[in-house]
Engineer: 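Here it is: the structure, laid out below.
Given the structure is predicted, the values throughout are model-derived calculations rather than measurements. Each chain gets a letter, A, B and so on, in the order its sequence line appears, and its residues count up from 1.
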Amino acid sequence: MSDAPRFVRPATSPADVGLAVTLDGPLALDCGRSLSPVTIAYMTYGALNPARSNAILICHALTGDQFAASDHPLTGKPGWWTTMVGPGKPIDTDRFFVICANVVGGCMGSTGPMAADPATGQPYGLDFPLITIRDMVRAQKMLVDHLGIEKLLAVVGGSMGGMQVLQWASSYPNSVRAVVPIACAARHSAQNIAFHEVGRQAIMADPDWHGGKYAQAGTFPSKGLAVARMAAHITYVSEAALQRKFGRNLQNRAALSFQFAPDFQIESYLHHQGATFVDRFDANSYLYITRAMDYFDLAAEHGGVLADAFRDSPVRFCIISFSSDWLFPPSENKQIAHALNAVAAKVSFVEISTDKGHDAFLLHEPEMFDTVRGFLNHAATGIA
Amino acid sequence: MSAPAQNLRPDLAAIAAMIRPGARVLDVGCGDGALLEHLVATKDVDGRGIEISQANVNACVARGLAVVQGDADTDLADYPAKAFDAVILSQTIQATEQPRTVLNHLLRIGRRTAVSLPNFGYWRVRAALLAGGRMPRTRSLDHNWYDTPNIHLCTLADFVDLTAACGASIVAAHALAENGHSRPMNPRRLTHGLMGPNLFAQGGVFLLKKA
């Protein structure tokens with residue numbers, strides 16, 4: 001990783017983050033502290049109708065951002081969900097007003113560890129309060145209120161975005177008609193917490209991390225963050241897909257080198273994933289957001305009974321899972337459906353056959369597109 | 001005798017006639033949701049479905065139905081007792097791995113259980129086997145023996161025996177004719193005597209309850 005690029009610059013200039021609003025707050029956090037004021041960076045696609053009834057909120061995953069359907073300002077690459085969101089796409093921006101906000105704790109313009117601590121004028125670093133999925137959703141609700149939208153048509157998201165979707169349905173059942181949690185779980189498993197801890201330890205073991213004060217030290221823990229991304233990326237794909245794409249193929253060589261330089265294509269691929277990631281993501285944000293996922297346990301808020309999180313819910317649910325996802329396996333997704341069934345909530349559940357693993361929700365999965373399109377079309381009957 | 005409801009498969013129309021308005025209904029093996037949609041539209045039921053095929057689940061979701069992709073053989077155990085007013089199993093029991101276990105779950109989950117099934121005792125089936133010496137293929141059982149999903153075929157009389165073994169009583173029974181018409185039948189006539197609906201009905205619809 002000697003040629004790994006360094007984090008170029010924080011994405012805080014208005015041109016970088018799209019739209020942004022700074023609200024007085026306070027945003028009361030689960031940890032007991034609060035943020036005041038709080039900035040939320042977001043993007044919108046499509047137009048809000050006069051009745052303000054066609055808004056769909058999209059919740060991004062761990063390393064996502066507000067650029068779901070437009071080019072990323074730092075990388076220049078297309079938005080992370082252009083397969084799903086856009087004109088004529090399943091989340092059709094010709095019909096729907098789509099909002100996607102950078103989570104609190106993130107690094108694309110919303111208040112997070114890179115932001116200046118009002119008390120010191122310096123970047124928060126580890127003085128930033130621990131945030132939770134529920135805190136992220138509270139901030140999104142503040143944004144939706146700010147935009148004058150009383151009731152969202154839908155909230156949609158995959159992975160950590162799916163956790164936020166579940167939290168939305170539980171916290172604000174009267175503010176959303178329909179929800180689509182994709183490839184997620186009602187709580188983070190021991191295995192998932194374990195992988196996150198490996199990533200965090202990689203970041204904190206990087207001498208350039210400086211106890212989280214790398215901005216003041218003029219450094220960036222690129223190596224640690226890249227290793228964290230490499231380890232995490234393995235969990236996003238299935239063993240079958242890795243085998244299909246890479247097998248034991250060698251990278252730019254005819255024979256084994258008998259050295260530790262990357263011999264195998266899979267090694268080069270992971271190095272590339274790590275190297276490109278550090279160009280666009282902040283190391284401390286990675287610590288905070290992985291922690292938020294680890295802390296997520298929706299049943300725990302309701303005496304350990306997940307069904308109680310959705311009692312008397314008027315929300316319509318469409319839960320989507322992928323057969324080869326071992327990070328958030330179909331069984332965990334289905335447990336949510338069972339909990340919803342137990343309280344007679346309106347829930348549909350699909351398990352899409354694919355070998356693409358967890359990342360399938362970001363990829364070309366026609367069955368998923370059909371599910372989302374059909375569900376949203378019906379949810380929008382008479383509304384949008 | 002009643003004519004089939006428009007656009008609804010005859011056995012489904014017969015089942016629909018057995019469902020009370022406003023009931024909470026679980027359709028196990030709900031296919032593309034035609035029956036559930038009909039029941040929601042005409043009887044204002046609170047309908048749920050279980051369906052194994054992804055394409056069918058998507059069709060249901062697009063109709064606004066609440067359907068869980070799953071397998072009757074494995075998923076019914078997760079549903080609490082008496083959770084539904086009526087549970088429906090249409091043309092599916094013969095395709096399950098464990099028909100008796102499935103039927104026991106249905107009787108546990110629903111206050112009433114409606115089951116439709118093809119009749120392997122139908123005279124055309126018997127004649128095809130007797131005269132042709134090959135596994136019968138009929139309009140309702142149109143598969144080769146080696147690729148049929150129908151792994152537990154039975155006659156209507158056999159099914160009545162199973163309901164008794166499961167401790168269920170038959171609230172109502174209808175014989176289905178090949179032309180789509182259904183007529184009420186006395187289930188005793190299925191198990192007593194060699195003629196009657198066990199020979200002449202192409203299929204049957206039963207409404208069951210467990211005391």
Engineer: Would you mind reporting whether A:T371 and B:Q54 have side-chain heavy atoms less than 4.5 Å apart?
Structural biologist: yes
Engineer: Enter the distance from B:D71:CG to A:E351:CD here, rounded to the nearest 0.5 Å.
Structural biologist: 11.0 Å
Engineer: Give the minimum heavy-atom separation between B:V61 and A:C318, together with the two atoms involved.
Structural biologist: CG1-SG, 4.3 Å
Engineer: Within the supplied structure, the quantity of interest is the number of heavy atoms (other residues, nucleotides, ligands) at a distance under 6.0 Å from A:D312 CG; does it exceed 12?
Structural biologist: no
Engineer: Rounded to the nearest 0.5 Å, what separation is found between the CZ atom of A:F369 and the CG atom of B:N58?
Structural biologist: 12.5 Å
Engineer: Other residues, nucleotides and ligands only: do more than 12 of their heavy atoms fall within 6.0 Å of CZ on B:R188?
Structural biologist: no
Engineer: Tell me the closest heavy-atom pair linking B:L65 and A:S348, and the distance in Å.
Structural biologist: O-OG, 3.0 Å
Engineer: Whether the side chain of A:H378 engages the backbone of B:R63 through a donor-acceptor N/O pair (distance < 3.5 Å, no angle test) should be reported.
Structural biologist: yes
Engineer: Between A:L376, A:N341, A:N377, which shows the greatest number of heavy-atom pairs under 4.5 Å with chain B?
Structural biologist: A:N341
Engineer: Near B:K209 NZ, under 6.0 Å, is it more than 12 heavy atoms from other residues, nucleotides or ligands?
Structural biologist: no
Engineer: Chain B heavy atoms under 4.5 Å from A:R316: which part of the residue, side chain, backbone, both or neither?
Structural biologist: side chain
Engineer: Between A:K346 and B:D46, does any NZ, NE, NH1 or NH2 come within less than 4.0 Å of an OD or OE carboxylate oxygen?
Structural biologist: yes
Engineer: For atom CZ of B:R20, decide whether the heavy atoms of other residues, nucleotides or ligands shown that lie under 6.0 angstrom number more than 12.
Structural biologist: no
Engineer: Side-chain contact, heavy-atom cut-off 4.5 Å: A:H338 with B:V68?
Structural biologist: no
Engineer: What part of B:V57 is in contact with chain A, defined as an atom under 4.5 angstrom from a non-hydrogen atom: side chain, backbone, both or neither?
Structural biologist: side chain
Engineer: Hey, is CZ on A:R187 packed in by over 12 heavy atoms from elsewhere, all under 6.0 Å?
Structural biologist: no
Engineer: Begin with the C-alpha distance, continue with both residues' side-chain angles, and end with the deciding distance and a verdict on side chain to side chain contact (heavy atoms under 4.5 Å, CB included) for A:I352 and B:Q69.
Structural biologist: CA-CA 9 Å; A:I352 288 165; B:Q69 189 175 359; 5.8 Å; no
Engineer: Check whether more than 12 heavy atoms from other residues, nucleotides or ligands sit under 6.0 Å from atom CZ of B:R108, and answer yes or no.
Structural biologist: yes
Engineer: Please state whether the side chain, the backbone, both or neither of B:I50 comes within less than 4.5 Å of a heavy atom of chain A.
Structural biologist: neither
Engineer: Keeping B:R48 on the side-chain end and A:A344 on the backbone end, is there a donor-acceptor pair under 3.5 Å?
Structural biologist: yes
